[in-house]
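Values in this document were obtained by computation on a predicted structure and should not be read as measured data.
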Amino acid sequence: MFRDTSSRSFPSYFSLLERTAIKVTDNRTFIPIFLAGKAFHCGLNSQVLSWDTIIEALVEYDYDDRDPAAVHLSLHGFPSANDPELVKLRVSVVSLSLQMIADGIPIDDFALLKIKSHLVNIIGFRDVLLVPSQVGRLFQVQFGEVSEIDDIALSCVNQFLTMMDASHPVDIPSSVMAGSSDLDERPTPVLVGSVFIDVFLTMFCSVKDLNSLPVLTRKNMLETLCIIIYKHDFESRVLKHLQQDLRHAVVRALECLDLDISYDLRQLALSVVNAFVKRWHSIMGSFIYTAVEAIANLVVSQSQRHSQDALSTQANAFLDASLTKYAQNGLFANLMKRQLRRDFFVVLKQVTDSNAKNNPTSPQSLCELLLRDVLTRVVDVDHNVLNNTRAYVEVVFHEGFDSELMQFTGQQLIQFSRRAAEWNPESMNPDPLLITCAIIVYHNKALSRDILSSVDTILRVLSSRLTIGTEGLSRLLQATSSLHRKTSSEATVTNVVLNSLLEILSDGLRSKARVPPSTLNSMIEVVTTTQTPGSFPPIVSHLSSFLDLVEPAIHFIQNHPWQDVEKDFAASLAAARLILQASAQDPNVMNRLSDHGTERAAHTNLRVRSWSILVIAALLEQKENWYAGLFAQLSGFSNAYHGSIRAYSQGIGTDSESAVIDLNYTYIAIKLWILLASKVSGSGDVVEDSQILAVWNELWPPFEGLIHQFELDLGGTLYLAIGTFVLSSVAELFTFMRTLHTPIVLDVSTHITTLNRLRQLGPGDTLNQKLTRALQYMSEPPPEMQFETLVNQAAKDVVAAEKLRLSESRVVKTLERHRRDIRATT
C-alpha cells in the first residue's frame with residue numbers, strides 16, 4: 001500500500017507500516033506521518049490506529065543495541081535501534097499518539113503508561129525504569145532528569161500543550177505516577193493530561209539551559225505550565241505529591257524574568273507566576289515573597305529602559321493584587337526580613353499611590369495596612385527589619401498619620417527596641433530605628449506628642465545595650481528641635497529628646513547607668529556638633545545644661561575602667577573634648593581639673609592618664625584656645641606627675657606590679673606636654689622655646705632621678721623590675737626631642753654623656769644596641785616628621801599601655817584564682 005522510494009530500504013519497515021496504517025475512510029481530516037522525508041495520510045474520523053497496534057510497533061524495535069540478541073537481529077535484516085530512520089519513525093508514532101490522546105481518542109490506562117514510557121525515552125530522561133505495581137497489570141514509570149533535549153524530540157515536547165489542555169477525563173490510580181508513595185490502586189478520575197504532568201514538570205525544571213531551546217518550544221512550555229496551573233487539580237490524590245515540583249517549575253519561570261529573552265516570553269513567565277499565586281495560594285508557601293521581590297526588581301529594570309510599558313503594567317498589577325490580598329496576612333512582614341534594595345520601596349511607593357488613587361473611599365490605605373502588618377507581626381527584629389522599616393517609612397509612608405496610628409507606632413517601636421537590644425551589640429545597629437522615629441516625628445509635627453514619650457523609652461532601651469551611632473541621634477535631635485521653642489529662660493530644656501539625651505549621657509559618664517562607651521562617644525559628638533536650621537548646637541543654645549556635663553566627663557576620664565581599649569579610648573577622648581569645649585565657654589572649668597588632680601580617692605596613674613587624654617584631644621582638634629587653656633594647667637598636671645613617679649625615683653615602689661605601666665604614662669606625658677608647648681601661641685620662636693624648656697625642666701628631673709636610683713642599686717629589685725623600660729624610654733625621649741627640633745637638643749653633649757652612662761649599666765645586648773643607635777642619631781641631622789604623626793604615635797602609646805595593663809590584670813586574676821583553687825583542695 002505504501003511505497004518506499006528511498007535509496008536505502010528495510011523490508012521490515014513495510015511490514016510495520018502495513019500493520020500500523022489503515023485505509024482512509026474520510027477525506028476531510030488527515031494526519032501526516034513523516035518517515036524518512038515521505039508523508040503518509042490517515043483519516044481520523046474512524047479510529048486511525050488501534051492503540052495495541054501502536055504499542056506493538058513501538059515495542060518491536062525498542063531494544064538495546066548492547067544486548068547480545070541485537071547482533072542476532074541485525075543478521076536477519078533488522079535495523080539498529082539507533083538507526084536515524086527508525087528513531088524518526090518512533091518519534092513520529094509517539095507524536096501521533098500524543099495528538100490522538102489530546103483529540104480525545106479513547107485510551108485505557110495501560111496504553112497511556114506505555115506511551116508515557118516511550119515518551120520519556122525519546123525526550124532523553126536518564127534512569128528510566130518500569131516498576132510493576134503490587135496489584136493489577138499497571139506499572140509506574142520512573143525516571144531521572146534530562147539536561148538537554150535533542151531537536152528530534154521537540155515535536156513530542158510541543159505536543160504537551162494540546163495534551164494538557166485536553167478536557168476529557170481518565171481514571172488512573174495515584175500509584176502509577178512518578179514519585180508517588182501512595183500504594184492505593186483505586187482509580188481516580190483526572191484529566192488525561194495529568195498522567196504526563198510529572199514528565200513535563202521534571203523536564204521543565206531539569207533542562208540546564210532553556211535558552212538553548214527554540215523560541216516556539218519555550219513559548220509552548222510556558223503556556224503549557226500556565227494551563228497545568230489552571231486546569232489540573234493538585235489537591236487530588238494523583239497529583240498531590242507533585243505540589244513541590246510545581247512550585248519549582250514556577251520558580252524557574254520566575255527566573256526567566258531576569259533572562260535575556262524576548263518580551264513575549266517574559267510576559268508569559270509573569271502570567272505563569274500570576275496564575276500560580278491566584279490558583280494555588282494554599283501551596284505556594286514562601287514563594288510569594290520571592291515573587292514579589294523579583295517582580296519589583298523587574299519593574300525597576302523596565303523603568304530604566306521604558307517609562308511605561310505593558311510588562312511593567314502587568315507587574316505592577318501583580319504587586320497591587322498580591323499586597324492587597326495579603327496585606328494583613330504577614331506577606332509584607334516576612335518580606336521585611338529580607339535584605340531589600342531601596343529600589344524595591346520606590347516601586348512599592350508607585351503601587352501604593354496607584355492603589356490609593358483607585359480606592360479613595362477605603363477606610364485604611366494600603367500603605368497603612370502594610371505598616372501595621374510589619375509592626376504587629378515581626379517578632380525577630382534584626383538589622384534587615386530595622387533597615388527596611390526605615391526605608392519604608394522614608395520612601396513610602398511617613399505622612400498623614402492620625403493620633404491612634406502615632407500611638408500604635410510608638411508602642412510597637414518600643415517592642416522593636418527591646419527585641420533589638422537582645423542582640424549582640426557588635427551585630428546590631430539601632431540607628432535605623434531612631435531615624436524611623438525621627439522621620440515620623442518630623443512629618444507629623446502636629447501629633448508628635450503622641451509618640452515622643454515612646455521615643456524617650458526607645459532611646460533609653462537602646463542606649464543601655466547597643467552602640468548608637470551619630471546619624472540616628474542627630475536626625476532625632478534635628479527632628480524634635482523645631483517642636484520646642486526657647487522659653488524665657490535659656491536654661492530650661494524643653495526638647496524632650498535633648499533632655500533625655502543629656503540625662504542618659506550624664507548617668508553614663510558617672511557610671512550610674514550602663515551605657516556602652518561607643519554610645520557615649522556618639523552622644524557627646526551629637527550634643528556638641530548637631531546644628532538645626534535657625535538654631536545652634538546644644539552646647540550654645542543650652543549652655544547651662546551642657547556645663548552640667550563637665551563633672552561627669554571628668555569623672556569618666558578619671559575612673560572609667562577600660563575593658564575594650566579602643567572603644568574606651570575613643571569615649572575618653574570624646575569626654576576630654578567635651579571638657580575642653582566647656583572650658584572655652586567657662587574658664588573655671590580648667591580649675592576643676594586641678595581640683596580633681598589632688599583628690600586622694602583617685603589612683604595616681606589614672607590622673608596622669610587623664611591629663612594625657614586631655615592633651616591628645618587638644619592636639620587632635622588643633623584649637624588655639626584649647627592649647628592655651630590646657631597649658632596653663634601645667635602646674636596642676638605637674639603635681640599628678642611627680643606623685644606618680646616619686647615612689648620609683650626614691651626606690652620605694654619596688655613591689656608595685658604596675659610599675660612599668662605607671663612609668664610608661666609618665667614617659668608618654670613628657671612627650672605630649674612637649675608637643676603641647678610647641679603648639680601654644682607666642683610672640684615668636686623665643687617664647688615657644690621657653691615654653692618647651694619650662695616643660696622639660698619641670699618633668700625631666702624626676703625621670704632622670706630614676707637613673708641615679710638604678711646606679712645606686714644596680715641589680716636590685718627596682719632595676720630588675722623597670723630598669724630596661726626606663727633606660728629604653730630615656731633613649732627614645734632624646735630621639736623624640738631631636739626629631740621635634742626642640743631647643744633641648746642644643747644640650748647634645750649632656751644627652752650623649754647620659755646615654756654613655758646608661759651603656760655602662762650593662763642592660764643587655766638588645767638595649768645596648770638601642771642605646772648605640774641613639775648615640776649615632778645624636779650626630780646625624782634630625783629627620784623631618786609630620787607633627788600629626790608624632791601626636792598619633794603618642795595616642796597609640798596610650799592605647800598600648802592600657803592593653804598591657806589589662807593583660808597584666810587578667811594574669812593576676814588568673815593567678816589569684818589558681819591560688820584559691822589550691823587552698824580549696826588542701
### side chain to side chain contact (heavy atoms under 4.5 Å, CB included) evaluation trace for Trp51 with Leu112
CA-CA 9 Å; Trp51 292 114; Leu112 267 176; over 6 Å; no

### Query
Is it true that Asp198 and Lys116 make a salt bridge, defined as a side-chain N closer than 4.0 Å to a carboxylate O?
yes

### Task
Indicate yes or no: does Lys231 engage Glu223 in a salt bridge with an N to O separation below 4.0 Å.
no

### Query
Is the closest basic N to carboxylate O distance between Asp353 and Lys357 below 4.0 Å?
no

## Note on the structure
Rounded to the nearest 0.5 Å, the CZ atom of Phe332 sits from the CG atom of Asp373 at a distance of 8.5 Å

### Message
Pair Arg390, Glu471 - check salt bridge (charged side-chain N to carboxylate O under 4.0 Å, His left out), show working.
### Response
CA-CA 13 Å; Arg390 170 196 172 175; Glu471 183 185 7; 3.4 Å; yes

### Message
I'd like to know if Glu394 pairs up with Arg342 as an ion pair, taking the criterion as any Lys NZ or Arg NE/NH1/NH2 lying under 4.0 Å from an Asp or Glu carboxylate oxygen.
### Response
yes

### Message
One thing to verify: whether Glu235 and Arg279 come together as a salt bridge, which I'm taking to mean a side-chain N less than 4.0 angstrom from a carboxylate O.
### Response
no

### Query
Hey, mind stepping through Leu386 and Asn429 against side chain to side chain contact (heavy atoms under 4.5 Å, CB included) and telling me if it holds?
CA-CA 9 Å; Leu386 297 186; Asn429 177 18; over 6 Å; no

### Query
How about Asn211 and Arg218: does a side-chain donor come under 3.5 Å of a side-chain acceptor?
yes

### Task
Rounded to the nearest 0.5 Å, what's the gap from CG on Leu370 to CG on Leu375? Could you check?
11.0 Å

### Query
Is Arg372 positioned over the aromatic face of Phe408, cation under 6.0 angstrom from the ring centre and no more than 45 degrees off axis?
yes

### Task
Starting at CD of Glu422, measure out to CG of Asp380 and round the result to the nearest 0.5 Å.
9.5 Å

### Task
Decide side chain to side chain contact (heavy atoms under 4.5 Å, CB included) for Gln328 and Leu369; before the verdict, give the C-alpha distance in whole Å, the side-chain angles of both, and the deciding distance to 0.1 Å.
CA-CA 7 Å; Gln328 296 176 287; Leu369 291 174; 4.0 Å; yes

### Query
Can a salt bridge be assigned to the pair Arg338 and Glu293 using a cut-off of 4.0 Å between side-chain N and carboxylate O?
yes

### Task
Using the six-membered ring of Phe345, assess whether NZ or CZ of Lys349 lies under 6.0 Å from its centre and within 45 degrees of the ring axis.
no

### Query
Nearest 0.5 Å, what's the CG-CG distance between Leu319 and Asn355?
11.5 Å

